Amino acid sequence: MDKKELVKQAESHLQVLCSEIGERRVGSESNRKSTDYVERKLKESGWQTEKTCLSVIDWKTDGATLTCGNQHFEVSSSHYSLGCSVSGELLAINSITQLENSDIKDKIVLFYGKIASEQIAPKNFPFWNPEEHRHLISVLENGHPKALICATERNAASAGGVYPFPLFEDGDFDIPSVFMKDTEGEKLLACAGQTFQLVSSATRIPETAYNIVARNEEITNNKSIVISAHIDTKIGTPGAIDNGTGVTVLLLLAEALKTKHFKYPVELVFFNGEDYYGAPGQVKYIEQHAGRFDDILLNINIDGAGYMEGLSVFSPLELPEEMMEILHEVLWNNPELAEGLPWYQGDHSVFLQQGCPAIAVSSKWFIENMECQEITHTPKDNLSIVNYERVAECVIGIVELLQKL
Ligand SMILES: [Zn+2]
């Protein structure tokens, strides 16, 4: 495999995905353009493709305004929230205890401080949903406030590099909400008890999105290897490292493997919904494969690969001894690849939870700076931070691994 040629192909795919198409939020026209592109490229490389339709919502806003008399405050519609045009008394709340002991009916509730420090898991998110979050949602739903204003600080661990971040990002939660910077929230605190007007011009639009699965040979009674990457992005980012590079690695593998057949057949899975509130593509895939996860020998998931700084990492997760040895051999032969620490915020978790071992492919820098970086889910995640050679090296490493398994 010629590395130069892989680099050239990587540049061309990433140009289409992150520059011509750009943001690929689930439910958008551009998201469908990206799955169409992937499907076409797979077919050109001779792979059989399967397209699964997902019922999702797209979401749009014409902005939000918050006023109290002649004072204006800067707010944004929370992603996937319903819109609203309401007027009510402002009640400021900073803890769950205070929330439990307050009458919030018909109030506009300001969340600030501790209660607004960590993004709340979407109501129906299947992979991570702490008890405190479900409790918070149920107290709110039973309390019937008119709307929520969330003043948030920076929290890279829960919301990527976005500041302020939407505390709620949930198309299944029906109390309208907006968000603002913590510093703006402090100004608002001084006006608690006064009557505010809040308008958020947001709408939910029923739409479709697709998972794409590809095979280059019939999967018979042999175990298979599933290589996956998510194709969607958050709202407001062209998603180069998260996860245009992952999609590109899969497309390069499709081309590289078109004439190669190893001991285990390969399935390429382009998930739609890793960065979306309900993870619809992942849920659908689990549904479709119920009872058949035992047939998957290994998942290799690519997310966050190809960053300009540092090496690429292959993180082993629950790998049996013999696979671990093979991985070490591959890493030894490819000095640009290193063994990474375990991490779980990606689609490899879908497989781990079903009892399949996995390897998560990413960039060392991102794994080590997950809690403090300011790039993920922002416009900064664009092609200027991609190292195309790193992308090609991930492909070379994965092909060698497949050969040895
Ligand atoms: Zn991702």
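In this text, all values refer to a predicted model and were calculated from it rather than measured experimentally. Reckoned from all heavy atoms, side chains included, excluding hydrogens, waters and symmetry mates. Both counts, for ligands and for their atoms, begin at 1 and track the order of listing.
Under 3.5 Å, the side chains of Ser19 and Gln15 contain a donor-acceptor pair of N or O atoms. The closest side-chain donor-acceptor pair between Ser224 and Glu267, if any, does not fall under 3.5 angstrom. There is a side-chain donor-acceptor pair under 3.5 Å between Gln9 and Glu5. Between the side chains of Gln354 and His289, no donor-acceptor pair of N or O atoms lies under 3.5 Å.
Here Asp275 does not reach the Zn ion (ligand 1): none of its N/O/S atoms is less than 2.8 Å from the metal.
Vertex the Zn ion (ligand 1), arms ending at NE2 of His230 and OD1 of Asp303: the angle is 90° after rounding to 10 degrees.
When the Zn ion (ligand 1) is compared with the N/O/S atoms of Asp242, atom OD1 turns out nearest.
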